[in-house]
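Have a look at the structure below, then the notes.
Scope of the values below: all heavy atoms of this structure, side chains included, with no hydrogens, waters or symmetry mates. Below, chain A is the first sequence line, B the second, and so on; all start at residue 1.
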There are 2 protein chains.
Amino acid sequence: MATEEERFLTDYVPREYPSVALAVDLVVFAVTAGTLHAVFVRRGAHPFKGSLALPGGFVLPEEDALTAAWRELEEEAGLDLGAHRAHVEQLATYTSPQRDPRMRVASVAHLALLATDGRALPDLATGSDAAAAEWLPVYDVLANADLAFDHRDILGAGLDRLAGKIEYTLTASRLLPEEFTLNQLRRVYQAVWNTARLDAGNFTRKMTGALQDTGRKVTRGKGAPAAVFTVRDEYLSPPLIRPAG
Amino acid sequence: MATEEERFLTDYVPREYPSVALAVDLVVFAVTAGTLHAVFVRRGAHPFKGSLALPGGFVLPEEDALTAAWRELEEEAGLDLGAHRAHVEQLATYTSPQRDPRMRVASVAHLALLATDGRALPDLATGSDAAAAEWLPVYDVLANADLAFDHRDILGAGLDRLAGKIEYTLTASRLLPEEFTLNQLRRVYQAVWNTARLDAGNFTRKMTGALQDTGRKVTRGKGAPAAVFTVRDEYLSPPLIRPAG
DNA sequence: GGAATAGTGTCTATGAGACATTATTTA
DNA sequence: TAAATAATGTCTCATAGACACTATTCC
């Protein structure tokens, strides 16, 4: 007679459950020229042929979802992660049985933030997978474009997460090089919130409490040389509240 | 020759992906006697036989994860949802290939908040499934008990989510009847944050801005009659910041 | 009366927001 | 010189936090 330990592999495996394909979808953000951009792929096949979609792909048998998200960031979005600082975190999981008409796919959406100096977006080499990836302005896409599957919901969730999180953390710095000026950081806030200018003086006072001054200064075009900072505290307390409207 | 639309069901179904079982796990909270409690089940079978675990179960073929979470709240935790106000939201998804030694299971964790009047916890009828469910104090369990699988991570994530969310929303009211007093609400905050008393006077001033006074009063034991409120605004701005320590 | 609670009042310190000012750079 | 930016200063208003005080209820 089998011991209890031996039996558990057969007896205690549940009998009735759906077998689903596990996927990841990516909301990849970067800021250039004061505008928040995201990576999109143009679908070349049905369903939703011709529509914009978020990059994504299936989780491999030995991977967890976060690992798959990093891999797809290189493969599907075509990003060279050796050349760009990146931050990836889990967003939410979409499990509607009908969300993909071909088969049941549960997708763990992830938020990815790419560092840029604010002047150029990271290059998107066309990956091994089908469609070419491109950067598009997030607020334009949400206002005008059709998105495949439930990717409009996912993109909206990614934007909400980022817009909310920068109120009480320095997550906005993930969209910048490790060292940055207060002007760069303020432009990131304005791009994410799609808002008119935040007062530079008040912004400086608020943020310097959580930043580390490197002692160095840089000049980028007009204006006095700006101090260069790194992040000291990851949290802002009390938070910086997003202006209404 | 098949049209593109006919082909997509065969050609474009991806070839290599892991087939996983999709499950939900539940972090179910309620407050009694000033203490935050959660529902646990005692595992009767391997693996982790004898350990505490969170209630959960598999997502059925026609369900999405949220629907499955509501169903398991009744079946596995044994709650009568006709008798108790409840709130369920998605927490995070756990996808480590090794998290269940029997097979690959991706679990979408959910946070569930049960309303109580603060005097008694909701009854947990033993469900159709194996183990009897029980209420245990959350901070005691986190300090002392072993939890099965990655359920300690999940419980911690649930507590962090709740503790953080009540800073800037009135989500704490989901742990109370639709109508409540400020004393009841303050006790919920103290239970969730596991903190010494919040100043009653300052708490009143802060909260009344987001609440609707019903005009009625109640007396529960000693003290002057307390005004009865309902929630008016779901958001607290600026937030109520959790005391340090 | 004593104890616990409800609700309001008071005072201070902090910080947000609006705006001005000065210095430094490029065109 | 003009324009843009950096950084700091000033003023006002809102509010968090500490605490006092009164009123109301039960024991």
Side-chain angles (χ1 to χ4, degrees), chain A residues 33-34 117-119 166-168 176 179-190 193 195-230 233 235-245, chain B residues 33-34 117-119 166-168 176 179-190 193 195-230 233 235-245:
Chain A
D117 61 1
R119 283 193 285 264
I166 64 178
E167 289 191 347
Y168 62 97
L176 291 172
E179 301 190 333
F180 52 87
T181 67
L182 284 167
N183 192 12
Q184 289 180 296
L185 186 61
R186 189 164 46 83
R187 283 172 186 282
V188 169
Y189 272 86
Q190 293 176 169
W193 287 343
T195 190
R197 9 193 57 217
L198 303 172
D199 183 275
N202 295 334
F203 186 84
T204 295
R205 246 193 328 223
K206 176 74 183 176
M207 287 296 169
T208 43
L211 299 179
Q212 179 68 48
D213 193 334
T214 64
R216 278 172 285 119
K217 303 221 173 227
V218 291
T219 301
R220 312 180 331 286
K222 287 181 179 177
V228 176
F229 294 89
T230 58
D233 298 328
Y235 287 88
L236 270 181
S237 182
L240 173 62
I241 294 174
R242 176 173 13 174
Chain B
D117 61 2
R119 281 193 287 264
I166 64 178
E167 289 191 348
Y168 63 97
L176 291 173
E179 301 190 333
F180 53 86
T181 67
L182 284 167
N183 192 11
Q184 289 181 295
L185 186 61
R186 189 166 45 85
R187 285 172 184 281
V188 169
Y189 272 86
Q190 293 174 170
W193 287 343
T195 191
R197 8 193 55 210
L198 303 173
D199 183 275
N202 295 334
F203 186 84
T204 294
R205 250 196 325 234
K206 177 74 185 177
M207 287 295 168
T208 43
L211 300 178
Q212 179 68 48
D213 193 334
T214 64
R216 276 173 286 120
K217 301 219 173 228
V218 291
T219 301
R220 312 180 332 286
K222 288 181 179 176
V228 175
F229 294 89
T230 57
D233 298 328
Y235 287 89
L236 270 181
S237 181
L240 174 62
I241 294 172
R242 175 174 11 173

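The side chain to side chain contact (heavy atoms under 4.5 Å, CB included) search around B:Lys222 returns none, not counting sequence neighbours. When the side chain to side chain contact (heavy atoms under 4.5 Å, CB included) test is applied to A:Ala226, the partners found at least two apart in sequence or on another chain are A:Thr181. Partners of B:Thr208 according to the side chain to side chain contact (heavy atoms under 4.5 Å, CB included) rule, which considers only residues two or more places apart in sequence or in another chain, are B:Leu182, B:Thr204, B:Phe229. The salt bridge (charged side-chain N to carboxylate O under 4.0 Å, His left out) check on B:Asp117 picks up B:Arg119, with sequence neighbours excluded. In terms of the side chain to side chain contact (heavy atoms under 4.5 Å, CB included) criterion, residue partners of A:Glu179 (sequence neighbours excluded) are, by chain and number, A:Thr214, A:Arg216, A:Val228, A:Thr230. Under the salt bridge (charged side-chain N to carboxylate O under 4.0 Å, His left out) criterion, B:Arg197 pairs with no residue at all, not counting sequence neighbours. Residues passing the salt bridge (charged side-chain N to carboxylate O under 4.0 Å, His left out) test with B:Arg205, sequence neighbours excluded: none.
Nearest heavy-atom pair, A:Ile241 versus B:Pro238, reported as atom, atom and distance to 0.1 Å: CD1-CB, 3.7 Å.
Distance, B:Leu236 CG to D:dT15 P: 13 Å, rounded to whole Å. To the nearest angstrom, P of D:dA16 lies 17 Å from CZ of B:Arg242. Nucleotide D:dA16 holds its P atom 10 Å from the CE atom of B:Met207, rounded to whole Å.
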Under 3.5 Å between N/O atoms: give me all the protein pairs with nucleotides 16-18 of chain C, atom names plus distance.
residue: C:dA16; atom: OP1; partner: A:Lys206; partner atom: NZ; Å: 2.4
residue: C:dG17; atom: N7; partner: A:Asn202; partner atom: OD1; Å: 3.4
residue: C:dA18; atom: N7; partner: A:Asn202; partner atom: ND2; Å: 3.0
residue: C:dA18; atom: N6; partner: A:Asn202; partner atom: OD1; Å: 3.3
residue: C:dA18; atom: N6; partner: A:Arg205; partner atom: NH2; Å: 3.4

B/S/- contact track for nucleotides 1-6 of chain D, protein heavy atom under 4.0 Å: ---BBS
